Amino acid sequence: MKHFLTTADYSRAELQAMLDDARALKAAPFGDALQGKTVALLFLNNSLRTRTSFDAGTRQLGGHAIVLSPSGGMWPLEFEDGVVMDGEAEEHVAEAAGVLSRYCDLIGVRAFPKFEDWQEDRQDRILNAFAKYATVPVINMETITHPCQEMAHIMALQEHFERRGKGGLDGRKFVLTWTYHPKPLNTAVANSGLMIAAKFGMDVTLLCPTEDYILDERYITRATKDAGAQGRALTIEHDIEKAYDGADVVYAKSWGALPYFGNWAPEKEIRDRYRHFIVDEEKMARTNNALVSHCLPMRRNVKMTDAVFDSDACIAYDEAENRLHVQKAIMKALIA
Ligand code: CP
């Protein structure tokens with residue numbers, strides 16, 4: 001039995017097969033691949049796209065989705081092994097995952113970091129606990145990475161480059177740019193953006209204000225290795241103009257600086273100095289007519305100007321739509 005916890009567990013060819021199926025499902029959305037199947041969707045954090053696209057996608061393939069969340073009456077869960085459960089948690093993940101596996105054929109999990117201690121959060125304990133105790137496949141619906149978003153992003157890039165007669169992704173300059181946000185956000189989409197761009201043969205530039213905003217070495221190492229294996233490279237850049245020059249793809253995301261995890265007051269003082277990292281027309285003019293995207297939700301005119309977001313270069317709606325198609329392909333592959 002295989003889970004879908006991270007794209008690092010899959011080869012480029014395996015991911016491309018799912019992307020090809022997602023294209024077929026986009027052309028013919030309805031089917032019976034999940035007929036009689038039940039999918040549990042566990043949301044420990046808010047969502048618009050993930051919740052709707054998994055629910056709609058399951059139904060379109062003949063299945064049934066059940067959304068579970070603490071605010072929806074679920075018992076508070078304990079995720080540590082061997083603890084004395086005399087706190088708030090009424091149920092251990094071992095029982096929750098084991099019982100859900102008796103009712104359901106797939107389990108999706110969304111569990112963001114607690115934003116207190118990165119060394120703790122980087123262990124992805126909740127997702128890994130479900131993967132350990134479930135006897136059905138588990139899908140990462142965003143924890144410290146966001147693999148479903150990665151797939152939707154790559155699908156949108158492939159579609160748009162093909163549509164523009166520009167061919168494939170190999171050798172493209174992919175820029176992941178940090179942007180300002182008033183709050184410290186999850187690094188998940190940024191970690192994922194690096195990994196998938198490298199895996200699909202692009203030259204990857206990570207643009208961030210200072211060394212403090214460099215992502216966890218686990219993802220830097222993985223992206224460096226995957227890019228290198230295909231004759232490409234990962235470059236870390238703090239100079240905005242150098243990063244944007246000649247870019248084919250600009251992917252915008254904000255995230256909190258890892259050295260300040262849980263100690264956000266001094267990080268905010270640093271972050272507030274870099275509001276000018278916003279994606280705007282002047283920066284985009286330096287690119288090779290780049291495609292630009294964001295995973296959404298996105299604060300307009302903070303992360304990206306209206307002029308850029310509403311331009312033909314922006315493929316964020318297509319990326320969001322593709323969540324539906326890629327997740328159906330992923331569920332089909334896991335059920336098979
Ligand atoms: N991009 C994304 O995962 O959106 P939601 O948080 O709304 O699900």
Side-chain angles (χ1 to χ4, degrees), residues 4-7 15 18-19 22 26 39-60 65-72 74 106-115 121 124 126-127 130 138-157 159 176-179 181-197 215 219 249-256 279 291-300 302-304 309 314-331:
F4 193 75
L5 307 181
T6 165
T7 54
L15 297 175
M18 289 188 230
L19 290 167
K26 191 168 187 170
V39 181
L41 303 173
L42 176 67
F43 283 95
L44 301 183
N45 307 93
N46 295 341
S47 168
L48 184 149
R49 279 145 289 272
T50 306
R51 179 174 170 166
T52 313
S53 55
F54 264 106
D55 194 342
T58 304
R59 288 164 197 259
Q60 287 175 10
I66 299 172
V67 174
L68 299 164
S69 68
S71 62
M74 202 182 79
L106 290 166
I107 301 174
V109 177
R110 167 165 286 199
F112 290 176
K114 292 194 177 82
F115 290 101
D121 281 335
D124 220 356
I126 296 176
L127 182 70
F130 269 95
V138 173
I139 301 174
N140 179 350
M141 300 196 299
E142 190 176 355
T143 59
I144 55 170
T145 61
H146 199 350
C148 296
Q149 192 75 46
E150 292 175 45
M151 295 289 277
H153 180 58
I154 288 297
M155 182 174 170
L157 291 180
E159 289 173 324
L176 170 67
T177 177
W178 180 92
T179 59
H181 188 286
K183 297 177 192 164
L185 299 183
N186 197 354
T187 55
V189 171
N191 296 332
S192 279
L194 278 193
M195 286 198 295
I196 203 70
L215 297 164
Y219 305 107
V249 180
V250 175
Y251 200 36
K253 186 71 185 80
S254 189
W255 60 88
V279 182
L291 297 170
V292 61
S293 198
H294 187 282
C295 62
L296 308 179
M298 187 198 75
R299 293 191 183 217
R300 281 173 173 261
V302 173
K303 290 176 165 182
M304 192 182 296
F309 188 79
C314 184
I315 61 170
Y317 280 106
D318 293 316
E319 179 172 331
E321 180 193 327
N322 287 346
R323 292 288 305 279
L324 176 66
H325 312 304
V326 298
Q327 288 159 193
K328 286 161 73 177
I330 292 164
M331 288 191 286

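On a predicted model such as this, the values are computed, not experimentally measured, just so you know. Start at 1 and go down the list; that is how both ligands and their atoms are numbered.
When each atom of ligand 1 is checked for a heavy atom of R323 under 4.0 Å away, the hits are 1 (N), 2 (C), 3 (O).
Of the protein's non-hydrogen atoms, the one nearest atom 4 (O) of ligand 1 is R49 NE, 2.8 Å. The nearest heavy-atom contact from the protein to atom 7 (O) of ligand 1 is L48 N, 2.7 Å.
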For residues 185-195, run the donor-acceptor check on the side chains, cut-off 3.5 Å, and write out each pair with its distance to 0.1 Å, sequence neighbours left out.
| residue | atom | partner | partner atom | Å |
| --- | --- | --- | --- | --- |
| N186 | OD1 | A188 | N | 3.2 |
| N186 | ND2 | E142 | OE2 | 3.4 |
| N186 | ND2 | T143 | O | 2.9 |
| T187 | OG1 | N191 | ND2 | 3.1 |
| N191 | ND2 | I144 | O | 3.0 |
| N191 | ND2 | T187 | O | 3.2 |
| S192 | OG | H146 | N | 2.7 |
| S192 | OG | E150 | OE2 | 2.5 |
| S192 | OG | A188 | O | 3.3 |

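Within the 4.0 Å heavy-atom criterion, neither part of R51 lies near ligand 1. Of the heavy atoms in R110, only side-chain atoms (C-beta onward) come closer than 4.0 Å to ligand 1. Using a 4.0 Å cut-off between heavy atoms, L296 contacts ligand 1 through its backbone alone, with no side-chain atom that close.
By the 3.5 Å distance cut-off applied to N or O atoms, N46 is not counted among the residues near ligand 1.
Heavy atoms from other residues, nucleotides or ligands lying under 6.0 Å from CZ of R51 number 12 at most.
Taking every heavy atom of both residues into account, N140 and P147 meet most closely at ND2-CD, 3.5 Å. Residues W178 and S254 approach most closely at NE1-OG, 4.0 Å, considering heavy atoms.
One finds a salt bridge joining D55 and R59 here, because a Lys/Arg side-chain nitrogen approaches an Asp/Glu carboxylate oxygen to under 4.0 Å.
K253 meets the side chain to side chain donor-acceptor pair (under 3.5 Å) test with no other residue; sequence neighbours excluded.
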